[in-house]
S.K.: 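The structure that follows is given in the form of structure tokens.
Note that the coordinates shown come from a computational prediction; the quantities given were computed from them, not determined experimentally. Just so we're on the same page: letters track the sequence lines, and every chain starts at 1.
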Protein chains: 2
Amino acid sequence: MSTPSRSTPMDLAAAAAMRGVRGANPLVGAVLTAPDGAVLAVGHHRGRGTAHAEVDAIARWEAARAADPGLAALDTAAFDPADLTLHVTLEPCDHTGTTGPCSEAVLRAGFGALRYAVADPTGDDGGGAARLSRHGVRVEGPTGEAAAVALTARWRAVRAAGRPWVTAHLAQSLDGNAAAADGTSRWITGEASRHHAHEVRARVDAIVVGTGTVLADDPRLTARAADGAAAARQPVPVVQGRRRIPADAALHAAHPVVLQTGERDPHDVLAAIAAHPGPWPHGRRAEHVLVEGGPHVLGAWFSAGLVDEVMAYTAPLLLGAGLPAVAGLDVGTLADGIRLVPDPAEGGPVKALGEDVWTHLMPAP
Amino acid sequence: MSTPSRSTPMDLAAAAAMRGVRGANPLVGAVLTAPDGAVLAVGHHRGRGTAHAEVDAIARWEAARAADPGLAALDTAAFDPADLTLHVTLEPCDHTGTTGPCSEAVLRAGFGALRYAVADPTGDDGGGAARLSRHGVRVEGPTGEAAAVALTARWRAVRAAGRPWVTAHLAQSLDGNAAAADGTSRWITGEASRHHAHEVRARVDAIVVGTGTVLADDPRLTARAADGAAAARQPVPVVQGRRRIPADAALHAAHPVVLQTGERDPHDVLAAIAAHPGPWPHGRRAEHVLVEGGPHVLGAWFSAGLVDEVMAYTAPLLLGAGLPAVAGLDVGTLADGIRLVPDPAEGGPVKALGEDVWTHLMPAP
């Protein structure tokens with residue numbers, strides 16, 4: 001008989017991280033263990049503005065002790081935090097952003113040891129391991145476990161390129177059309193899909209659409225809850241293309257800032273976004289861009305290799321010779337197709353949203 | 001506080017039926033209850049050649065008693081089958097097909113009462129309730145519970161029209177293409193999708209393809225297991241269209257019978273199938289037809305309203321301006337699109353198959 005494989009704390013941390021969302025922030029998971037290896041708490045990051053994984057794990061550990069009088073009444077020596085080890089898929093940050101630095105949270109918790117899989121690649125967030133080490137924490141890392149490395153591979157590449165994370169949004173019929181032959185497209189997808197898409201809008205800094213979409217659909221491009229209430233943070237509309245959009249376009253009334261760029265090359269659009277002072281809804285620059293269409297805009301971003309994740313909302317409907325959701329790809333033969341792979345984050349790569357299907361994909365490695 | 005809703009035995013039978021597969025045979029579920037309403041066994045039909053729901057429920061009840069000595073040792077009066085009620089979503093058949101008549105199985109089991117929701121609409125299978133009644137079983141039905149009626153609504157309409165059940169098979173990229181612009185299509189979908197599609201082929205009587213598919217792909221149209229072994233029952237290839245197919249086409253070598261019809265209207269293709277003596281793999285006529293393509297063949301069957309279920313295998317791939325999986329639909333505006341709805345049968349309308357997504361849909365009611 002073969003030895004049964006046993007998952008390590010870092011495996012568990014990587015699996016927890018996958019429950020989070022991709023975007024401006026990396027997927028991160030954290031696991032707290034006792035000296036005998038027992039898992040005391042599991043935490044993960046849920047995206048911008050929410051607790052980092054380390055802080056989430058600490059909060060869960062504290063909540064578990066508070067909720068269980070038996071646990072709290074045991075020999076306090078068993079709970080000396082100096083005996084515990086925190087395992088994190090990414091080096092703790094040493095940076096005060098929306099949340100405080102994780103390095104300080106770990107010091108405050110008093111853990112004796114830290115193990116991390118991947119070094120924090122960011123200039124301004126790096127250094128958490130060094131600070132912990134200086135304060136007497138036994139630090140081991142980067143340990144390089146494959147699952148933890150894979151979690152943030154694309155995010156680190158995007159970060160190294162100095163550009164925002166790019167999510168492509170496709171709303172289409174089963175036969176891949178974003179509109180019928182006459183251009184009608186409201187609504188191809190159902191309410192549950194639109195609600196999900198609005199939750200995504202609330203997390204991003206900018207929504208890119210083409211002038212054609214603005215002229216055809218006059219969208220507001222706001223993030224709204226199911227009851228119509230506006231989200232606290234609204235993305236900045238970025239209109240890509242040379243055609244003039246009318247002064248009374250709905251998006252002007254809905255947003256204090258609208259960025260129109262005459263550029264059509266997505267790299268140039270990103271440069272225009274980087275050069276724009278904002279205000280951006282989540283911070284001092286745009287770190288997450290959602291590309292919603294139309295077809296040629298999506299095609300250009302795919303062709304440029306700038307799409308980091310795909311969310312496709314597919315409705316149970318056939319439209320025949322309509323307007324394809326993605327157009328202008330330079331693909332002549334099967335081997336040249338743009339290959340994607342299922343993204344296991346956010347609870348799995350496929351789920352039913354009402355009558356629609358949501359598929360979550362990422363570029364093939 | 002509202003009274004919590006309590007599911008009835010017929011609700012349970014209908015839910016069990018949904019685990020089955022659609023096709024030549026209807027979805028049927030059966031539940032056996034004690035006098036106090038306790039559920040003793042739940043059965044369902046798993047498609048052609050497998051036990052009917054009643055027989056499945058009886059077998060499970062017998063297996064439960066055999067497996068549990070405590071149950072068997074109880075007062076035998078508690079197990080007098082005359083005190084038990086069998087609830088079936090569809091009237092038991094009185095017909096000897098691949099399996100014996102369910103009316104006889106119920107009589108042999110000795111159940112005192114039968115409740116069924118929907119009358120068996122078929123001439124040769126009907127009469128089960130009458131036979132049971134003649135033999136002293138207390139019969140109640142058709143009771144018409146909505147969930148049970150919905151299970152077989154399309155199947156009964158198809159049966160009343162005297163035609164086979166029609167399954168449409170779409171294998172496509174995320175952007176709805178069955179092939180790249182140059183016609184290359186092997187393989188768009190992955191191994192798990194192809195394996196699933198071969199399991200479906202093994203259940204059908206005929207696979208309809210167009211002459212274009214034969215000329216372009218030279219398919220064998222056989223049903224094979226993952227290891228390449230041929231299934232015991234092979235579908236008859238039906239080639240629709242006027243172009244000549246070569247005598248050395250692979251499907252000729254793979255099948256004893258190949259039906260080529262010059263017809264292009266799906267109604268006429270069905271007439272040609274009905275007129276053909278076979279031999280058919282599952283019985284004396286074709287009761288389940290799988291339409292695999294190409295695009296115009298699928299479009300014609302959809303436009304004719306002859307598609308009873310859709311199985312779409314969607315690969316994580318973008319092909320741009322390729323060959324659409326479905327073509328020739330006369331849809332000009334969104335409101336005229338061919339609306340489908342998720343099919344809850346076979347374990348739910350959407351699942352991951354390897355890296356692909358399988359979507360199971362049926363015509364909107």
S.K.: If contact means a heavy atom pair closer than 4.5 Å, which residues of residues 336-363 of chain A contact chain B?
M.R.: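 So the qualifying residues are A:G337, A:I338, A:R339, A:L340, A:V341, A:P342, A:V350, A:A352, A:E355, A:V357, A:T359, A:L361.
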S.K.: For chain A, which of B:A315, B:G332, B:A335 has the most heavy-atom pairs under 4.5 Å?
M.R.: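 Greatest number of close heavy-atom pairs with chain A: B:G332.
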S.K.: Are there residues of residues 290-297 of chain B that reach to under 4.5 Å of chain A by heavy atoms, and which ones?
M.R.: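 Contacts with chain A: none.
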S.K.: Mind checking the CG-CG spacing from B:L318 to A:L329? Nearest 0.5 Å is all I need.
M.R.: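 Output value for this atom pair is 6.0 Å.
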S.K.: So with a 6.0 Å cut-off around CD of B:E191, is the heavy-atom count from everything else above 12?
M.R.: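 For B:E191, atom CD is not crowded (no more than 12 foreign heavy atoms under 6.0 Å).
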S.K.: Kindly check if the number of other-residue, nucleotide or ligand heavy atoms within 6.0 Å of CZ (A:R264) is above 12?
M.R.: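 No, because the 6.0 Å sphere around CZ of A:R264 holds 12 heavy atoms or fewer from other groups.
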S.K.: Flag the one option from A:L174, A:L317, A:D330 with the top tally of heavy-atom pairs under 4.5 Å to chain B.
M.R.: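 When all of A:L174, A:L317, A:D330 are compared, A:L317 has the most.
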S.K.: Taking the side chain as every heavy atom from C-beta outward, state whether B:D175 and A:L170 have any pair of such atoms under 4.5 Å apart.
M.R.: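 Of all side-chain heavy-atom pairs linking A:L170 with B:D175, none is under 4.5 Å.
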S.K.: Testing the basics here: between A:W187 and B:L334, what is the closest heavy-atom pair and its distance to 0.1 Å?
M.R.: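 Closest approach of A:W187 to B:L334: N-CD2, 3.8 Å.
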S.K.: Checking heavy atoms, do the side chain of A:S185, its backbone, both or neither come under 4.5 Å from chain B?
M.R.: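 Contact with chain B involves the backbone of A:S185 alone.
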S.K.: Report yes or no: does B:Q172 contribute a side-chain atom to a donor-acceptor pair with the main-chain N or O of A:G176 at less than 3.5 Å?
M.R.: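 Here the side-chain-to-backbone pair does not exist.
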